[in-house]
Every structure is written in C-alpha cells, then in structure tokens.
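A short worksheet on the structure shown next.
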Amino acid sequence: MKFWDRQQDARSETRRLLLGFAIAVVVLVASVHWALAVAWSLMAAVLPVHLPFPAGFLTANVGVSLLLVLGGWWVETSNLRAGGVKLAKRVGARELRPSLSHAEQRLSNIVDELCIAAHMPRPQVMVMPRIDAINAFAAGWDESDAVVAVTQGALDYLTREEMQGMVAHELSHLHEGDTRLKMRLAGMVFGLELVYNFGDTLRERGGLAWWFGSAIMVAGFAGWLTGRLLKAAVSRQREYLADARAVQWTRSRDGIGGVLRKVMAQRLGTSAGHAEAPARTGLAHPALQHMLLVDVDGSRRMERWLDTHPALADRVQRVYGRPMQPLPAVPVTVAWEPAHHDGKADGHAGSEGCATPGAATIASQVDPFARWG
C-alpha cells in the first residue's frame with residue numbers, strides 16, 4: 001500500500017469537499033431568495049393590482065437564511081461540545097482497568113507506544129464491555145477531553161498486531177483533527193436542515209404563507225440533502241486517511257487490514273464472534289455513527305451516497321492493493337504484559353517516561369514531525 005499517496009489523495013479530496021460545502025451554503029441562500037422571488041411573482045400575477053417587491057426583500061431573505069444556517073450550526077456544535085469522555089460514558093463505556101485484565105493491560109501498553117511514536121498526548125482509554133462486535137471510536141474537541149474507546153469484541157478477537165492497527169486508526173482521527181471536523185460538519189448540516197423546517201412551519205399557516213413556505217422547503221431540502229451528501233463524503237475520505245496512517249505508523253497491512261477482515265466475517269456470521277444487533281448496543285447512538293471505526297450496519301446499500309464509511313471490501317482492497325477474503329474472528333489468548341507507565345494502573349495515566357522497546361520500535365517508523373492536529 002502506498003500510504004503516502006493515499007494520505008495525500010484523502011487530504012486533497014477533503015479540501016475539495018469542504019469547498020463544495022461552502023459553495024452549497026451560498027447556493028442554498030441564493031436558492032431561497034430565488035424561490036421566494038418566484039413565489040412573490042406568482043402571487044402578484046393573480047392579484048388585480050401591481051405588487052412590487054418590498055424594500056429590503058433581498059437583504060431580508062439572505063439575512064434570515066444565514067441566521068438559520070449559522071445559528072443552527074452554532075446551537076448544534078455547542079450541544080456536541082460536551083466532550084469525548086462524556087459521549088463515551090453516554091454510550092456505556094467505562095474507564096480502562098489494566099490491573100484486572102491482560103487484554104486491557106495490552107491495550108494500555110499499545111496506546112502508550114503509539115502516542116510516544118506519534119509525539120501526541122495520551123487520550124483517555126475506555127472500553128465498551130457489553131458489545132461483542134469489533135469496533136472502536138475516537139472523540140473529543142482537543143487533547144484535554146480526547147478519548148479512544150474500544151469494544152469488548154475488539155479485546156477478545158484481535159491479536160496484538162491488529163489492536164495496534166485499530167488504535168493507530170483512532171489516534172489518526174485525533175492527530176488529524178477529524179473529530180472536530182466531523183462535529184462542525186454535523187452542526188452545519190443541522191443548520192441547513194433548519195431552513196427546511198422553517199419553511200415547513202411557515203407552510204402550515206396556510207394562505208399566502210403556504211406559497212412562501214413551500215418555496216423555502218424546496219430550496220431547504222435541496223440544501224440539506226447536499227450537505228448530508230458532502231458530510232458523508234468527507235467522513236469517508238477521513239476513514240481512508242486513517243487507514244493509511246495506521247499502515248504508516250505500524251508498518252503493517254495486516255494490522256488494520258486484519259481488523260477490517262474480521263469485521264467482514266462478523267457481518268457475514270461466519271465466525272465465532274457473532275456481532276450483536278446494532279439497535280441493542282450503544283453503537284447505535286446517532287452522535288456516534290460518523291466516529292466509529294466501521295459503521296454499525298453494513299447492509300444498507302441503497303443509501304451508499306449517505307454512508308459515513310466506505311464499504312469494508314473497498315477499504316480492505318485499498319490496504320492490501322487487492323481483494324481479500326474475510327478473516328474468521330476467534331477468541332485470542334492474550335499473554336501477560338508488564339505495565340509501561342510509571343506503575344500507574346488507571347486508564348488515563350500519563351505516558352511520560354515510558355520509552356519501552358515496543359514504543360521505540362514504532363517511533364522509529366513514523367513521521368518525527370507529527371503533532372497534535
């Protein structure tokens with residue numbers, strides 16, 4: 001896998017999509033004004049008297065449209081600022097307990113090693129203990145509330161190499177600022193949706209308001225749908241980027257590749273680690289969908305353009321350069337590992353002074369100029 005090329009392609013595509021997002025907002029505002037102008041003209045055509053456009057018609061239309069979009073973005077973004085740790089707890093995650101489990105001690109060591117290698121602060125590490133499906137997510141606005149959470153299924157079915165690939169993928173999202181980007185885009189989509197909702201409310205009043213409400217709804221729906229499409233496309237590109245970063249940091253295709261192949265097996269029901277129904281797990285939380293390693297429902301192919309994650313087969317092919325078969329997910333035996341950090345056993349201890357052989361090996365393989373996104 002040419003991970004440098006993959007990373008550059010993903011970043012370039014993200015920039016183009018973000019530009020498209022800005023253009024979509026401008027087009028939405030223009031469309032609302034045009035739709036209202038058409039509605040006014042049609043209304044004036046059926047009246048017996050000449051009815052000119054009122055003073056400030058353009059200014060009012062543009063101002064109200066921007067107020068709805070930007071106001072909705074601000075409100076939704078503020079709601080999402082609760083922090084990564086609070087979100088993780090909301091979906092049933094708990095703090096890591098390295099002293100109680102070899103698998104959790106191994107996860108703690110892996111996070112330490114990769115954070116040292118990437119020259120980034122260690123996020124809080126959490127576990128979703130009641131979820132058998134292999135998955136993980138990263139969340140947080142900045143390093144102070146950053147969190148990486150993995151499912152119990154990941155602890156049970158992944159080898160150390162695969163766990164390194166999964167953790168590297170999630171740390172990449174924090175390193176690249178993807179968690180902030182995705183939350184901001186979610187807020188903007190909410191703002192675009194408010195335009196449609198405003199038109200729907202106006203339409204319910206009947207009479208002349210029905211005409212203007214209908215016009216706003218048409219323009220608002222087009223803008224909201226475009227925003228959803230662009231947001232999903234940006235999310236897919238960031239997943240490609242995180243996969244490529246995981247290969248770069250671990251120097252192993254079988255790390256993140258093995259994780260994705262085992263998820264494929266779980267989805268097909270051919271492995272011992274049969275995934276739980278998404279609706280019965282915390283993974284189905286709406287605020288979590290775009291942050292997961294893999295989406296909770298890979299069967300929705302009619303909504304491909306709105307999917308926040310690329311198809312698993314596509315991601316696997318990009319990692320290996322060719323199609324690969326699913327890899328059966330069977331429980332692995334986790335050997336005991338000594339703690340790597342100053343004897344602290346809690347799940348969010350600092351990683352200073354823990355330059356272990358494993359960390360040094362990974363550190364020699366990654367970009368020495370890496371910094372927190």
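These figures come from a predicted structure and were not determined experimentally. The basis for the numbers below is simple: all heavy atoms, side chains too, and nothing from hydrogens, waters or symmetry mates.
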Note to self: If we count only N and O atoms by modelled type, under 3.5 Å, do the side chains of His173 and Asp178 hold a donor and an acceptor together?
What the structure shows: yes

Rounding to 0.5 Å, atoms CD (Glu170) and CD1 (Ile256) come to a distance of 8.0 Å

Only residue of Leu67, Leu68, Val32 satisfying side-chain contact (heavy atoms from CB on, under 4.5 Å) with Phe198 is Leu68

Query raised in the report: Salt bridge check: are Glu161 and Arg251 linked by an N-O gap of less than 4.0 Å?
Result: no

Tell me whether the guanidinium CZ or amine NZ of Arg261 lies under 6.0 angstrom from the six-membered ring centre of Tyr320 and within 45° of its axis. yes

Between Ser172 and the options Arg238, Arg245, Glu239, the side-chain contact (heavy atoms from CB on, under 4.5 Å) test singles out Arg245

Please verify the inter-ring angle class for Trp224 with Phe221; under 30° counts as parallel, over 60° as perpendicular, anything in between as tilted. tilted

Answer whether the closest heavy-atom distance between the side chains of Val234 and Lys231 falls below 4.5 Å. no

Asp156 meets the side-chain contact (heavy atoms from CB on, under 4.5 Å) criterion, sequence neighbours left out, with Gln152

Hits for side chain to side chain donor-acceptor pair (under 3.5 Å) against Glu193, two or more places apart or cross-chain, chain-then-number order -> none

Under 4.0 Å between a Lys/Arg side-chain N and an Asp/Glu carboxylate O for Asp243 and Arg318? no

Tested for side-chain contact (heavy atoms from CB on, under 4.5 Å) against Phe137, the lone hit among Val294, Thr179, Leu292, Leu293 is Leu292

Next on the checklist: Is the terminal nitrogen or CZ of Arg315 (NZ for Lys, CZ for Arg) located under 6.0 angstrom from the six-membered ring centre of Tyr240 and within 45° of that ring's axis?
Outcome noted: no

Near Arg94 CZ, under 6.0 Å, is it more than 12 heavy atoms from other residues, nucleotides or ligands?
-> yes

Check: Are the aromatic ring centres of His175 and Trp249 under 6.0 angstrom apart?
Finding: yes

Just checking, is any N or O donor in the side chain of Asn109 or Glu113 under 3.5 Å from an acceptor N or O on the other one?
no

